[in-house]
Amino acid sequence: MNFEYSEEQKLLKESIERWAQDNYSFDQRNASMNNDVGYSAEHYATFAELGWLSVPFAEDNGGYGGGVIDLAAIMEEFGRALVVEPVFANMVMFGGLLEQSNHAQLKAELIPQVIDGSLMGGAALYEAQARFDLSNIATTAKADGEHYAITGTKSVVLNGASAQKLIVLARTSGEQRDEAGLSLFLIDADAAGVSINRYPLMDGQQVADVSFDNASGVLISELGEAYGLVSRCMDRAQVALCAEAVGIMEVLNRATVEYTKTRKQFGVPISTFQALQHRMVDMFMSFEQAKSMLVGTLCELSDPETSAHDAQKMLAALRTLIAKTGKHIGDEAIQLHGGMGMTEEMSVGHYVRRLMMINLMFGDQGFYQKRFNQLAYQN
Amino acid sequence: MDNRFSSADLEFQQEVRAFFASEFTDEIKELIATSEETKAPAVKWQKILHKKGWVAPDWPEKFGGTGWSPVQKYIFESERCLAGAPDVVPFGLRMVGPVIFTFGNDEQQQRFLPRILESEDWWCQGYSEPGAGSDLAALQTKAVRDGDDYIVNGAKIWTTYAQHADWIFCLVRTGNFEKRQQGISFLLIDMNSDGIQVNPIHTIDNHHSLNEVVFENVRVPVENLIGVENQGWTYAKALLAHERTSIAGVADSKRWLMDIKEIAKQQSNADGTLFDDPLIQQRFSDIEIELMALEFMELRVLAKLSSGETPGPESSLLKIKGTEIQQALQELRMQVIGAYSGSLRIDQFNNDLQQQGSYARKEYMYGRAATIYGGSNEVQRNVIAKAVLGL
Ligand SMILES: Cc1cc2nc3c(=O)[nH]c(=O)nc-3n(C[C@H](O)[C@H](O)[C@H](O)COP(=O)(O)OP(=O)(O)OC[C@H]3O[C@@H](n4cnc5c(N)ncnc54)[C@H](O)[C@@H]3O)c2cc1C
């Protein structure tokens, strides 16, 4: 039994931490965010050079061959630094789907470009009417010679503003809520029939709603059998987001403790008030719960003896708890900063908004708790 | 990173499971569940554990303990709760025992330890006083040296099971120093001594466990002093660490959760069983998910202990979360049972549900104490604020 990151994983984390210390102050980070595309292309290239973007990819595909724990290790660190560069969107989502694809030629061509940072992609999966349900897909794909013609609209496509290529989940058969009959397609973002309606999210990332009107796409999954493939990719994505959230929570707690030690009212640092001390202890406990659940889930997921059912149950529990503790820590961090917590000038609000965004991605607390109830209590 | 037991640990788990299957018999289960009395069933079960050599997992082998690793202790606890077996009464085995084998002299060790292991002596803990609760160092009970004796005067309060006890271990004031923690001594007192009076305190769980113990010119031989005079506070603090490592009560809470689910499955509801009700499921998962996190938290602490680190303020964290979850489960148990959980009957139940309800009520009411004793949850928060957050 051992719940620490390995030496190698620690080195990986430290390399990100050191880079962030030297190059990613809060002001530098905001400068990145305020770029037209919402991040710094230069930084992104550096991430590639330092090898971080290769972590989750298999060695056969030119990657580092990292497992879910390696992925969590780097995401926790990206969370701490509040990195706005689209590592999650491009490496975990777009790259993750590519890696699950059965299109050997495209994989061989494109994964190396994700790893070297030269290709920006987005995963166009969810639709507005579907909330967080990945089987509720109205977008259709019709065979058209060698290719497919895709028609429909996808919402909140991460990296949608910068993506050169999109992976689209579309229906090739079945009813709108069927898990069967879904397929994945690769579409050039500048292809005819693709319109991209970009906008920023509260955490600074630039996303898009994307409409397809008979846009031409290449099939990159087994026909009608993409649901399982997407779910596998989403499992990793959930872990990556939760690890990022844990990193964020740690920073919020530290920042809050530091702030209360320096802020004086009534002639003393506000950290001397027991009412606030106990609230900070509760924040610390929420963090320890979240971290413990993350670590526990990582162990379960990387144990080959864990059943698929149990893995899903753990993931649902993890996301529920991260949402709950994240909300608690985020709210308290702002409250204990007083008026300063409300300002753009302090990093606190930026961390909180990213944390909130994470808890809106692919499902909220209610969604995952209900899922947990289904997996744990209905047999 | 991995959370798997070694193959030796898995074998150990099988051994423990087999032990409970054969020794925690229906007969003893029934005795514990239905006996109005606390002491006799507990002694009977502890003697069975002792025969196997497993009554004191926390003691060193040399004094009759098991020499188990932290992981083995964790496995034992889990199996005990899965079997539904009760924990040992802590005052002798978990509290004064460790003080005696750590700070007592040879004579005291030979005199007291075997009788604790055999459950021959029943101990109680005399720390708290009317004026010294969370602020324990304010204690006033005095011991004054007179020849080969101390003469003890004062009163202890909240003394659990003093009415059954043969011995009480006390913190008493033997000196007055500027620092109040100095001048406190650790004294073992025979409950049959002249001048001791035990007055019952009636509590909201309608069960008699608490007492006031009054000392009036009680003579205690100096040989009953542990360690050095005026150094008792140090020994008591060391004991607290023992008390807190298992305080999360994860294994017990998991067992309770299982039991409450079973009860909910027995209750019918408009469309199925109560357990099918989405609101009830929500209450279950609110608690179960936190309990999963707590278990990993405990395992993380355990893994640190196994690699030789000493337990730090993590124990405060485990205590707070563990007791909050226990109380949430007690509430859920009452909620699931419904009106019968108001029942005050303690025997001759009209049906199973009434028996379960009466038990639920008692657990709930007594359970309020878990956040008060063993260092209240507020005091634990003070500890974390200082030791972890540096406030
Ligand atoms: C069921 C039960 C069994 C017990 N068994 C024993 C036993 O066998 N032997 C024994 O010696 N004692 C025993 N105790 C006593 C127990 O240790 C004390 O109750 C405990 O130390 C709290 O002291 P108190 O009751 O005087 O509460 P107080 O100290 O008066 O506390 C009252 C409230 O004030 C809060 N408070 C106190 N100080 C602070 C602070 N600095 N900051 C913030 N909040 C604070 C507390 O958290 C609590 O909520 C038992 C108690 C109970 C309830």
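Every chain is numbered from 1, with letters handed out A, B, ... down the list of sequences.
- Chain B forms more heavy-atom pairs under 4.5 Å with one residue of Met285(A), Gln289(A), Glu305(A) than with any other, namely Gln289(A).
- Note that CD1 of Ile289(B) is 7.0 Å distant from CG of Leu321(A), once rounded to the nearest 0.5 Å.
- Highest contact tally toward chain B, considering only Asp303(A), Leu318(A), Asn253(A), is held by Asp303(A) [criterion: heavy-atom pairs under 4.5 Å].
- Ser6(A) does not touch chain B: none of its heavy atoms, backbone or side chain, sits under 4.5 Å away.
- Interface remark: Phe284(A) contributes side-chain atoms only to the contact with chain B (heavy atom separation under 4.5 Å).
- To the nearest 0.5 Å, atom CG of residue Leu294(A) and atom CE of residue Met1(B) are 7.0 Å apart.
- The CG atom of Asp277(B) lies 13.0 Å from the OH atom of Tyr377(A); values are rounded to the nearest 0.5 Å.
- With a threshold of 4.5 angstrom between heavy atoms, Glu290(B) approaches chain A through its backbone and through its side chain.
- Ser285(B) contributes atom OG, which lies 11.0 Å from atom CD of Gln374(A) (distance to the nearest 0.5 angstrom).
- If you measure heavy-atom distances from Gln282(B) to chain A, the contacts under 4.5 Å come from both the backbone and the side chain.
- Tested against Phe296(B), the residues Met293(A), Lys291(A), Glu288(A) include a single side chain to side chain contact (heavy atoms under 4.5 Å, CB included) partner, Met293(A).
- Gln378(A) and Asp276(B) share no side-chain donor-acceptor pair at under 3.5 Å.
- With a threshold of 4.5 angstrom between heavy atoms, Leu299(B) approaches chain A through its backbone and through its side chain.
- When Lys370(A), Lys261(A), Gln9(A) are compared by the number of non-hydrogen pairs under 4.5 Å with chain B, Lys261(A) comes out ahead.
- Of the atoms belonging to Thr260(A), it is side-chain heavy atoms, and not backbone ones, that fall under 4.5 Å from chain B.
- Taken to the nearest 0.5 Å, the CZ atom of Arg254(A) stands 12.5 Å off from the CG atom of Leu389(B).
- For the pair Glu300(A)/Asn3(B), a side-chain contact is recorded, criterion being any heavy-atom separation below 4.5 Å from C-beta on.
- Using a 4.5 Å cut-off between heavy atoms, Lys261(B) touches chain A through its side chain atoms alone.
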